Protein chains: 2
Amino acid sequence: MAAPTPRATRKRMGRYHHGDLRQALLAAALRMIQKHGAASLTLRAVGQDLGVSRTALYRHFADKAALLAAVGTDGFRRFRLALLDAWQRDGKGLAGFAAIGAAYVRFAADHPSHYRVMFGGALHQSRRPEPDLVTEGRAAFRVLVDALIELQRDGLVQAGDPHRQAVFVWSTVHGIAMLAIDGQLNHEGVDPIALVQFGMAHLMDGIRTPASHAPSSPK
Amino acid sequence: MAAPTPRATRKRMGRYHHGDLRQALLAAALRMIQKHGAASLTLRAVGQDLGVSRTALYRHFADKAALLAAVGTDGFRRFRLALLDAWQRDGKGLAGFAAIGAAYVRFAADHPSHYRVMFGGALHQSRRPEPDLVTEGRAAFRVLVDALIELQRDGLVQAGDPHRQAVFVWSTVHGIAMLAIDGQLNHEGVDPIALVQFGMAHLMDGIRTPASHAPSSPK
DNA sequence: ACCTGAACACCGTTCAAGT
DNA sequence: ACCTGAACACCGTTCAAGT
């Protein structure tokens, strides 16, 4: 592929786009959502941004909802990788698990509009649940479950349904993330990252084994 | 006032509305949001539903965002009353506090669209933060803080910044509520009310005083 | 296959005009 | 004061037509 670099998304006048237009549309939509919020996203503006007709999009997406679903799906993919990276970078274990919580909130704080598309419900409450979005959402959730399974296996977390434990952790962290990007924590003078660290420590106290108390107190 | 009952919001043909049109608009908007979601709310449909011109609304609201903000403000008012009712009905104390959590999630589950308008961010992220919405949101949050202050005073909850404790409880419960109305808990086979009861019990274990363990285990 | 341009039905909002 | 009706600028989507 000696063609124009992947960054040269803008087509040359009078010629067809002929790159990965689908990918370019996705990137453009994401860029505009991050800048102005999903509410004001316009298909016409997306096309214009790429120098493409405003109907070219329909070759790659059924409609606007499908485009947004693809943006959300892509978000869940990045999200999952961010969580996985935090877990592995901090050597798994209890510190790694706490790092997942921090990474979760950081992702939401850094990409509020993207996060909102992922969880916005504008998608879920529509006609059908958008299978790809659901699948990718579940995959992200799986990171938590897998981490808990490992922690249980290593005797760091109490036995119990890892699924239920994960749902509870997810809820807590999701709640902090949502309040943070809604600005509800701002006028309460609370730092989201500090809050999630406090919360994760609290959660861990509840589910970790007595044996894990001795050899773990890093930073 | 021997005029038509407050329920007869529909104006008689050829005459002005002449009731509390503002209130009628609010009720109509809420009704339509609950039925079809906030995304598909149309000012024209609101007017039509009331038998009123589609521009009559501008006498009472600056624009569509202002109408939605008013719907959210109204939601926070009902929400606060629901939380307060749960707290008082269950005799305050630790059982009452747990009841607040359940009432919180129940409100969200029963009025998902309304809840979404309240927390949706479509409002918060807009131009200015819509003062009434913020005020009423804070008032709802205050229910939690006040409850924790009472619990501390009665020696049922550990000393500590009640504000910080409240933020953490709020986050947890909000997360459960959001995941529930997003349907993320459905395909995990988790009952939101059961989850929030589990979560509240867990939280209470973390913040209640040792002394409170003896005299409290009702149902 | 991929893209265009005109057209359609809809939307929020403005504004001069009515009572 | 409160409401109307026409008008404006915008939107998502369709579709026959181009290459």
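Nothing here was measured: the structure is a model prediction, and the numbers come from that model. Sequence lines set the chain letters: A, B, ... in the order given, protein chains first and strands last, and positions in each chain run from 1. All values below were derived from every heavy atom in this structure, side-chain atoms included, with hydrogens, water molecules and symmetry-related copies excluded.
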**Report entry** Separation of C:dC2 P from A:Leu57 CG (nearest whole Å)
**Finding:** 14 Å

Query raised in the report: Taking the side chain of A:Thr42 as heavy atoms from C-beta outward, which of D:dG5, C:dG12, D:dC11 is closest to it?
Result: D:dC11

Query raised in the report: Is the distance between the ring centroids of B:Phe79 and B:Phe141 less than 6.0 Å?
Result: no

Query - side chain to side chain contact (heavy atoms under 4.5 Å, CB included) between A:Met32 and A:Thr42, worked out - result: CA-CA 9 Å; A:Met32 301 177 65; A:Thr42 270; 5.9 Å; no

Query raised in the report: In whole Å, what is the span from the NZ atom of A:Lys64 to the P atom of C:dC11?
Result: 14 Å

Query raised in the report: Roughly how many Å is it from CG in A:Leu43 to P in C:dT4, rounded to a whole number?
Result: 14 Å

Query raised in the report: Hey, is B:Arg89 close enough to B:Asp85 for a salt bridge, meaning N to O under 4.0 Å?
Result: yes

Query raised in the report: D:dT13, C:dC3, C:dT13: which one has an atom nearest the side-chain heavy atoms of A:His60?
Result: C:dC3

Query raised in the report: Looking at residues at least two apart in the chain, or sitting in another chain, which of them share a salt bridge (charged side-chain N to carboxylate O under 4.0 Å, His left out) with A:Lys92?
Result: A:Glu150

**Report entry** Protein-nucleotide distance (A:Gln48, atom CD; C:dT4, atom P), rounded to Å
**Finding:** 12 Å

Report task. Assign A:Thr55 to base, sugar-phosphate, or nothing according to its heavy-atom contacts below 4.0 angstrom with the strands shown. Result -> base

Report task. Quick one: label B:Leu41 by what it contacts on the DNA or RNA (base, sugar-phosphate, nothing), any heavy atom closer than 4.0 Å. Result -> sugar-phosphate

Requested in this report: Take atom CZ of B:Phe61 and atom P of C:dT13, then tell me their distance rounded to the nearest Å.
Outcome: 13 Å

Query raised in the report: Quick one: the side chain of A:Arg54 and the base of D:dG12, do they pair up donor-acceptor inside 3.5 Å?
Result: no

Requested in this report: Could you please name the option among D:dG12, C:dT13, D:dT4 that lies closest to any side-chain atom of A:Tyr58?
Outcome: D:dG12

Report summary line: Per-residue pairing states of DNA chain C in dot-bracket (Watson-Crick or G-U under 3.5 Å; . unpaired, | other strand) read ||.|||||...|||||.||

Requested in this report: Look at the side chain of A:Glu136 and the backbone N and O of A:Asp74, then say whether any donor-acceptor pair between them is shorter than 3.5 Å.
Outcome: no

Query raised in the report: Can you name the closest pair of heavy atoms from B:Met204 and B:Val157 and give their distance?
Result: CE-CG2, 4.2 Å

Query - First of A:Arg44 and A:Arg59 reached from the 5' end of DNA chain D, by closest nucleotide - result: A:Arg44

Report summary line: Taken in chain and number order and not counting sequence neighbours, the residues that satisfy salt bridge (charged side-chain N to carboxylate O under 4.0 Å, His left out) with B:Asp146 are B:Arg142

